[in-house]
Structures are given as structure tokens and as C-alpha cells.
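Notes follow once the structure below has been shown.
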Number of protein chains: 2
Amino acid sequence: MPTERPTIADVAERAGVSKGLVSFALNDRPGVAPQTRERILAAARELGWQPSLRARALSVNRAFALGLVITRDPEIITGDPFYPSFIAGVERELAPAGQALVLSVVPDEEAELAAYRKLVADRRVDGIFITDLRHDDARIALAEELGVPAVTLGRPEGPSPFPAVSMDDRAGIEAAVDHLVGLGHRSIAHVAGPARMLHGSRRRKAFEDAMARAGLRATMVVETDFRAADGARATRDLLARHEDPTAIVYANDPMAIAGLGFAQRAGLRVPEHLSITGFDGSDIAEHIYPALSTVATDAVSWGAVAARVLLQEIAGENPGDTDLPPARFVPRESTGRRPEPPTRRPRT
Amino acid sequence: MPTERPTIADVAERAGVSKGLVSFALNDRPGVAPQTRERILAAARELGWQPSLRARALSVNRAFALGLVITRDPEIITGDPFYPSFIAGVERELAPAGQALVLSVVPDEEAELAAYRKLVADRRVDGIFITDLRHDDARIALAEELGVPAVTLGRPEGPSPFPAVSMDDRAGIEAAVDHLVGLGHRSIAHVAGPARMLHGSRRRKAFEDAMARAGLRATMVVETDFRAADGARATRDLLARHEDPTAIVYANDPMAIAGLGFAQRAGLRVPEHLSITGFDGSDIAEHIYPALSTVATDAVSWGAVAARVLLQEIAGENPGDTDLPPARFVPRESTGRRPEPPTRRPRT
DNA sequence: CTGAAAGCGCTTACAG
DNA sequence: CTGAAAGCGCTTACAG
């Protein structure tokens with residue numbers, strides 16, 4: 001029963017002191033005689049008193065919680081390998097700090113902004129994570145307007161007052177292209193994420209740069225929405241072209257896996273006829289056949305570091321930007337030597 | 001600035017009434033003259049007043065939030081198709097109700113119980129979801145002890161005071177087996193989830209029952225931990241046996257996909273040499289090649305209904321148990337006719 | 001080193 | 001229909 005629960009007044013009474021002193025003793029504030037503190041702590045223990053977070057929250061004007069809102073339609077979220085790991089990393093940092101994570105999942109960008117507003121209007125959180133950064137991301141201005149501490153995953157394009165925690169994904173894409181070029185490929189396509197998303201366009205740019213550096217033209221790029229079905233569709237479109245690619249660099253694993261499926265269904269052998277690379281380093285990628293060459297990111301660390309930075313910011317420190325070790329390319333079975341042009345492969 | 005924020009006192013002053021009346025007007029309590037209410041609401045609007053959830057929480061002794069703790073090591077969570085969809089469903093119900101979801105992700109069962117205790121000790125939530133039920137699940141007793149409303153996904157074995165929201169998974173497994181038997185298979189194996197988990201052992205039982213009904217012996221069953229790597233390992237073990245199976249029923253999609261990968265790597269063609277079924281209906285399952293025959297569950301609805309039931313329970317209603325439409329088998333390309341015994345396939 | 005009191009921003013009997 | 005006051009359970013100046 002809720003009423004059974006002892007309060008600070010019960011502890012004070014039992015210890016024969018004022019409520020204020022109990023509070024001081026509990027929070028290790030100076031100015032409590034050692035033996036008095038002992039007496040208080042003992043009384044608290046005997047009563048099984050747990051201070052009310054609710055009351056504390058009202059007094060000190062803090063929520064002791066951080067907010068994450070994920071924008072993704074329920075359908076696509078299933079396959080996303082990023083968030084579950086990211087959240088596990090966040091929790092790793094929050095739990096020991098006595099903080100909680102409040103999570104919102106919304107279907108679109110409009111609902112997303114509303115969710116952030118609601119979260120801070122209700123003062124449910126002391127700070128927010130801003131993930132999946134977009135061009136001209138409205139959330140930066142919103143967070144400023146709301147006056148809520150925030151941390152961004154990656155650096156936004158415009159000016160931002162918030163610390164960024166970044167993990168370079170360019171190097172991984174470039175390594176993938178270099179690897180393919182080293183295997184003799186010259187006709188390399190890219191299945192990109194949405195251009196409005198920073199990591200979508202950044203990976204595409206990395207692809208184009210790497211191609212240019214190799215003296216190749218990046219003519220075969222198709223933009224998608226990061227979903228598995230898009231990966232299959234994009235692969236179909238690419239293979240239907242005249243100058244069909246001998247290798248495809250996908251912007252994430254689900255699309256790469258779906259692309260692999262499409263290619264195989266079309267009668268192509270991977271990597272004999274077509275080489276494929278992904279991005280994420282999802283668990284399943286190494287268990288499919290052929291095992292997917294991909295760019296592995298450490299989403300768990302990303303979550304842990306982002307949480308830590310946000311906590312520091314809330315505590316009034318000035319964490320500044322931090323760069324995590326870059327995502328790295330992991331060659332596996334889905335990439336191989338470029339097929340001989342003439343007898344290359346059956347037409348699809 | 002936090003201090004700028006108007007409080008109920010500001011609204012009362014501006015409307016020329018007491019704080020109590022403002023509260024009554026806001027909460028649609030009877031006993032406020034229509035024009036007084038108008039005046040109050042107008043004042044609130046003009047000041048941009050948002051009632052403090054924190055203060056309300058302290059007054060009414062409610063958190064306006066629900067708790068979910070997910071027990072899974074960070075590594076395996078990546079591939080799990082269930083939770084993201086489940087959470088999306090939960091949110092669909094919570095957001096309109098002004099409720100929030102607080103999420104904990106913990107690595108093991110010990111941390112799990114601690115997480116629940118902490119969540120309710122801090123009164124961070126008004127009710128909790130109990131997912132991934134186990135045999136003799138300690139969480140039922142814990143929730144009772146803590147006196148916190150709860151909802152279980154599926155019915156626990158022992159007595160439980162909490163409403164259960166169930167989705168029959170037996171029928172899907174049975175349909176998978178029937179389908180395989182119809183295709184001529186007689187040597188069918190099962191890659192099961194952990195026996196300590198209710199859905200792990202229930203799916204296994206469903207498999208065994210279906211086999212018995214078909215007059216077959218379920219001799220080939222290997223237990224796993226539900227992770228993709230286990231699926232590959234179990235497949236290897238099964239194929240190494242003398243009486244190797246012509247079909248394998250996996251307890252989830254990640255294991256089925258990994259099993260497919262292993263079989264293909266071993267030189268088997270699916271479904272010509274080996275038929276395979278999964279469980280989950282994950283997005284990627286239909287994009288791999290061959291497309292995975294699987295049992296589709298509606299995790300989104302499950303989340304929505306569980307949230308609704310929990311909210312009702314918290315409101316003092318007595319929701320009772322509810323049964324969702326059963327998961328259904330979706331045949332695709334990974335299942336086919338049983339191969340001819342003699343020339344069946346290359347040895348692994 | 002300690003106490004008494006006010007305050008955080010709401011809600012809710014209790015009177016009138 | 002409305003007001004004044006107490007209460008939710010803490011924290012924090014302010015005195016002594």
C-alpha cells in the first residue's frame with residue numbers, strides 16, 4: 001500500500017532530529033555531526049525508507065531522466081540494427097547514475113517535434129538526444145528555444161550550441177570502395193540513404209569522393225529510404241541499366257541483405273558476378289551466405305558516450321565535442337574479384 | 001529560463017480566483033461557473049501556462065508513465081525484431097493518453113529484478129510490462145510484493161493476479177509443421193529457444209505435438225539461446241547427424257536466417273535440399289533469397305493492447321485476460337517438396 | 001552543528 | 001458556485 005511508505009518525517013522523528021537534517025545526512029552535505037548522521041542513517045535503514053524521487057524532483061527542479069525520440073514508421077523500425085544497441089549503451093551509463101531513459105517512438109517528423117515539446121513541457125527529462133540528424137534540422141532550433149540541454153549524434157551542419165558525439169562513417173565507406181577497386185572493380189554503384197539525412201548524404205559524398213580519387217565516375221547512385229524493400233528495388237534498377245555494376249556499396253545492412261537476396265534471385269552469384277557491401281555491422285550480416293562485407297559501427301559505445309556527455313552538460317560542465325573511433329570496414333565473403341567482362345554473368 | 005515559467009498561482013491571480021479553482025477548471029471538475037471557467041482558461045492561455053506534471057505527480061501520487069525492462073545482452077539485441085515493433089505499438093497507445101514510457105535495458109536476470117525494484121521504488125512508473133515470461137518467473141512475485149500493477153505478455157504458468165495479453169504461437173508452429181508434412185517431409189528438426197523461457201518451450205511443445213499428430217517422431221530438437229550464432233551452430237549439429245533432416249523449423253527468424261546461411265555455405269540448396277521456416281515475420285525475412293517461410297506475429301498490436309490493458313488496470317478497472325489473433329504461418333520460398341532420398345544432396 | 005520554516009506547484013477536502 | 005488552507009515529501013536558505 002502506498003500509504004505504508006515511510007517518509008522523511010518518520011525518519012526524522014525516529015532519529016529525533018528535524019527533517020532538514022535527515023535530508024542533509026542523506027545527501028552527504030557537510031554540517032552533520034558524525035554520530036548524528038549515523039543515527040539518522042540507522043533510522044532510515046530500520047524503517048526501510050526510500051526518499052521520494054517525486055518530491056525531490058519538485059524541490060530541485062530536475063527529472064533525473066533523459067529523453068530519446070525515435071522517428072521511424074513501425075514497419076521499418078523492425079530491421080534497424082542501430083537503436084537497440086545504442087539504447088543498451090545509453091542504459092549502461094544511466095543506470096549507475098540513477099537516471100532513467102524515457103523513450104518516444106513517433107511515425108514522422110511532425111510528431112517528432114511535438115514529442116520533444118511535450119517531453120520538455122512536462123519536464124519529463126533534463127536533456128535530450130538528437131539522433132538521425134537532417135539538413136537544416138529543426139530540432140536544433142527547437143532545443144534552443146526550449147532551453148533544454150541536448151547532445152547531437154554527429155555534428156549538425158549549421159551552428160549548434162550543443163556538444164556533438166561523432167563517429168566518422170566516411171572512412172568506412174571509403175575503405176569499402178578502395179577494397180573493391182583493389183579487387184579490380186571499376187563499375188561500382190551506391191545505394192544511398194535519403195539525401196535529407198546527414199548520414200545519408202555524407203555516406204554518398206564519401207562514396208563519390210572515393211570513386212573520384214580512384215579515377216572513377218560515380219554515375220550509378222540511387223537514393224532510398226534506408227528500408228530493406230528499397231534495397232531490393234534499387235538493386236533491380238541498377239541491374240537493369242546498360243552499364244550494370246560489378247559491385248554495389250549499400251548505405252546500410254538491411255538494404256545490402258535485401259539487395260543480395262534480389263541479386264541471387266536474379267541468378268547472380270555473389271561475389272562471383274556481383275560484389276556487395278553493407279553498413280552497420282549488424283549481427284545477422286556475418287551469418288548470411290555469403291557473409292556480408294560491411295562497415296562496423298560501435299553503437300553501444302556511441303550510446304554510452306552520448307549519455308555521459310549529456311549528463312555532464314546537465315551538470316553544468318562543458319563537455320565539448322567528442323570523436324569516437326571511426327567505423328571500420330570488415331571484408332567478408334560478399335566481396336570478390338571483378339568478374340571478367342565478356343562472360344561476366346547471365347543477363348537479368 | 002525555468003523561472004520564467006508561469007505557475008498556477010499566476011493564472012489564479014490574473015483570473016482573479018483562487019488556485020484551487022484554477023485546478024478545478026483545468027481538470028473539468030464540476031462546480032465551476034461557465035464564465036469563471038472561461039476566464040480561467042483564457043488567463044492560462046494568455047500566460048502560456050502548462051501545468052507542472054511534477055507537482056501533479058506529487059499531489060496525486062502518480063507517475064503518468066509505464067515501465068518496460070528488456071533483458072538482453074547488447075550483442076544479441078541488435079537482431080531482435082520484436083521489441084522495436086512492440087514499443088512502437090505501446091507508444092501508439094501512450095502518447096494520446098499523455099503517458100510516457102520509461103525503458104530499461106539490462107544484461108541479465110539479476111539486473112532485471114533490480115531494475116524493476118528501482119523503477120517502482122523511485123515511483124517512476126505506475127505499472128510495468130512483463131515480457132519474455134520464464135518458468136517460475138520471479139517477476140510475478142516481485143510485482144505482487146511491490147504492489148505495482150502489471151501486465152504479462154502471455155499467461156504465466158502459475159497463478160498470477162495480473163491480466164495477460166496473449167498471442168498464440170502454437171498454431172503458427174503447427175501450421176509450419178503441417179505445411180512441411182504436406183510437402184512430404186518426414187525428417188523434420190526443430191531449433192528451439194531456451195527451455196527456461198515460456199515461448200521457447202511452448203514452441204517446442206507445439207512442434208512435438210504437431211509431429212506426433214502427423215505420426216512422426218520429434219527426435220531432432222536442439223535448444224539454443226535465440227541468437228543468430230546459435231542458429232548456425234544448431235544447423236551444423238543437425239546436419240552432422242546420421243538421420244539428417246530434410247526440413248528445419250526454427251524458433252525465430254534470426255536463427256532461421258543464420259541457419260539458411262550455414263546450409264548454403266555447406267553446399268545445400270534451399271528448399272531443394274533442405275526446407276527452412278522461421279518465426280517472427282521480420283521485415284528482412286521476405287527479402288532474403290530464398291524468401292523465408294515464417295510465422296508472422298503482430299508485435300505492434302501486441303504492444304498497443306498490452307499498454308491499453310495496463311492503463312485500464314491502473315485506472316482501477318479489471319481488464320481481464322485478452323487473446324490476440326494467433327500468429328500465422330506465411331509460406332514463402334524457403335520451403336519446398338521433400339528431396340528424393342537416394343540422390344538427395346551432397347554430404348556436408 | 002542543529003532547528004524551524006518556507007518553498008517547489010499542484011490537488012483536495014472542508015467551509016461557507 | 002467559490003475561497004482559504006492543508007497536504008504531497010522533499011530541499012534549502014536563514015537563524016541560532
Side-chain angles (χ1 to χ4, degrees), chain A residues 1-41 43-44 47-65 98 120-124 126 315, chain B residues 1-41 43-44 47-65 98 120-124 126 315:
Chain A
M1 302 287 97
T3 31
E4 314 283 337
R5 210 175 159 173
T7 75
I8 197 172
D10 300 319
V11 177
E13 187 184 352
R14 172 177 266 254
V17 298
S18 69
K19 295 191 303 177
L21 248 207
V22 174
S23 176
F24 271 56
L26 192 84
N27 296 310
D28 287 323
R29 295 286 213 85
V32 180
Q35 50 170 330
T36 309
R37 135 170 296 119
E38 271 320 310
R39 195 151 34 94
I40 292 171
L41 263 26
L47 292 172
W49 174 62
Q50 310 242 161
S52 157
L53 195 70
R54 223 114 85 180
R56 275 196 80 201
L58 184 60
S59 298
V60 304
N61 199 28
R62 285 264 277 124
F64 305 107
V120 347
D122 284 349
R123 294 272 199 265
R124 291 204 107 120
D126 301 316
Chain B
M1 300 289 95
T3 31
E4 314 283 339
R5 209 174 160 175
T7 75
I8 196 171
D10 300 319
V11 177
E13 186 184 353
R14 173 175 265 252
V17 298
S18 70
K19 295 190 303 177
L21 248 209
V22 175
S23 176
F24 271 56
L26 191 84
N27 297 310
D28 287 321
R29 294 284 213 86
V32 181
Q35 50 169 332
T36 311
R37 134 170 297 117
E38 272 319 310
R39 195 151 35 92
I40 292 171
L41 263 25
L47 291 172
W49 175 62
Q50 310 244 161
S52 158
L53 194 71
R54 223 113 84 179
R56 276 196 79 202
L58 185 60
S59 297
V60 304
N61 200 27
R62 285 263 278 124
F64 306 106
V120 346
D122 284 348
R123 294 272 199 264
R124 290 205 109 122
D126 301 316

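Note: hydrogens, waters and symmetry copies are ignored here, and every other heavy atom, side chains too, is used. Every chain is numbered from 1, with letters handed out A, B, ... down the list of sequences.
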Mind calculating the distance between [atom1] ([X]) and [atom2] ([N]) to the nearest angstrom?
{"X": "I40(A)", "N": "dC10(D)", "atom1": "CD1", "atom2": "P", "value": "14 Å"}
{"X": "R39(B)", "N": "dT2(D)", "atom1": "CZ", "atom2": "P", "value": "7 Å"}
{"X": "R123(A)", "N": "dC8(C)", "atom1": "CZ", "atom2": "P", "value": "14 Å"}
{"X": "I8(A)", "N": "dG7(D)", "atom1": "CD1", "atom2": "C1'", "value": "16 Å"}
{"X": "N61(B)", "N": "dG9(D)", "atom1": "CG", "atom2": "C1'", "value": "10 Å"}
{"X": "L47(B)", "N": "dC10(C)", "atom1": "CG", "atom2": "P", "value": "12 Å"}
{"X": "L53(B)", "N": "dT11(C)", "atom1": "CG", "atom2": "C1'", "value": "13 Å"}
{"X": "R54(B)", "N": "dG7(C)", "atom1": "CZ", "atom2": "C1'", "value": "15 Å"}

TODO: Both distances under 3.5 Å, Watson-Crick or G-U wobble: report the partner of dA4(C), or none.
DONE: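 The base-pairing partner of dA4(C), which may sit in any strand shown, does not exist here.
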Using modelled atom types only, decide if a donor and an acceptor are shared between the side chain of [X] and the backbone of [Y] within a distance under 3.5 Å.
{"X": "R62(A)", "Y": "R56(A)", "value": "no"}
{"X": "R54(B)", "Y": "R123(A)", "value": "yes"}
{"X": "R5(B)", "Y": "Q50(B)", "value": "yes"}

Task: Pairwise 5' ranking along DNA chain C for V17(A) and W49(B), keeping only the more 5' one - done: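 Result of the comparison: V17(A).
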Open item on the list: Classify S52(B) by what it touches in the nucleic acid, base, sugar-phosphate, or nothing, heavy-atom distance under 4.0 Å.
Closed with: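 S52(B): backbone/sugar contact only, no base atoms under 4.0 Å.
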Open item on the list: Over all strands shown, is Q35(B) touching base, sugar-phosphate only, or nothing at heavy-atom distances under 4.0 angstrom?
Closed with: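 If one applies the 4.0 Å heavy-atom cut-off, Q35(B) turns out to touch nothing in the nucleic acid.
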N/O-N/O pairs, protein side and nucleotides 12-16 of chain C side, under 3.5 Å:
{"residue": "dT12(C)", "atom": "OP2", "partner": "R29(B)", "partner atom": "NH2", "Å": "2.4"}

Open item on the list: Once rounded to the nearest 0.5 Å, what's the spacing between atom CD1 of I8(B) and atom CG of L47(B)?
Closed with: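 With rounding to 0.5 Å, CD1 (I8(B)) is 12.0 Å from CG (L47(B)).
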Open item on the list: To the nearest 0.5 Å, what is the distance between CZ on R37(B) and CZ on R29(B)?
Closed with: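 Reported value, rounded in 0.5 Å steps: 11.5 Å.
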Could you list the donor-acceptor pairs under 3.5 angstrom formed between side-chain atoms of residues 11-22 of chain B and any protein atom two or more places apart in sequence or on another chain?
{"residue": "R14(B)", "atom": "NH1", "partner": "E46(B)", "partner atom": "OE1", "Å": "2.1"}
{"residue": "S18(B)", "atom": "OG", "partner": "L21(B)", "partner atom": "N", "Å": "3.3"}

Task: N or O in side chain of R56(B) less than 4.0 angstrom from dT11(C) OP1/OP2 - done: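 Yes, such a contact exists.
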Open item on the list: Please determine whether a side-chain nitrogen or oxygen atom of T36(B) lies at a distance below 4.0 Å from atom OP1 or OP2 of dT2(D).
Closed with: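 Yes, T36(B) has a side-chain N/O under 4.0 Å of OP1/OP2 on dT2(D).
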- [ ] Kindly indicate whether the side chain of W49(A), heavy atoms from C-beta on, has any atom under 4.5 Å from the side chain of L26(A).
- [x]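 Heavy-atom side-chain distance check passes, below 4.5 Å.
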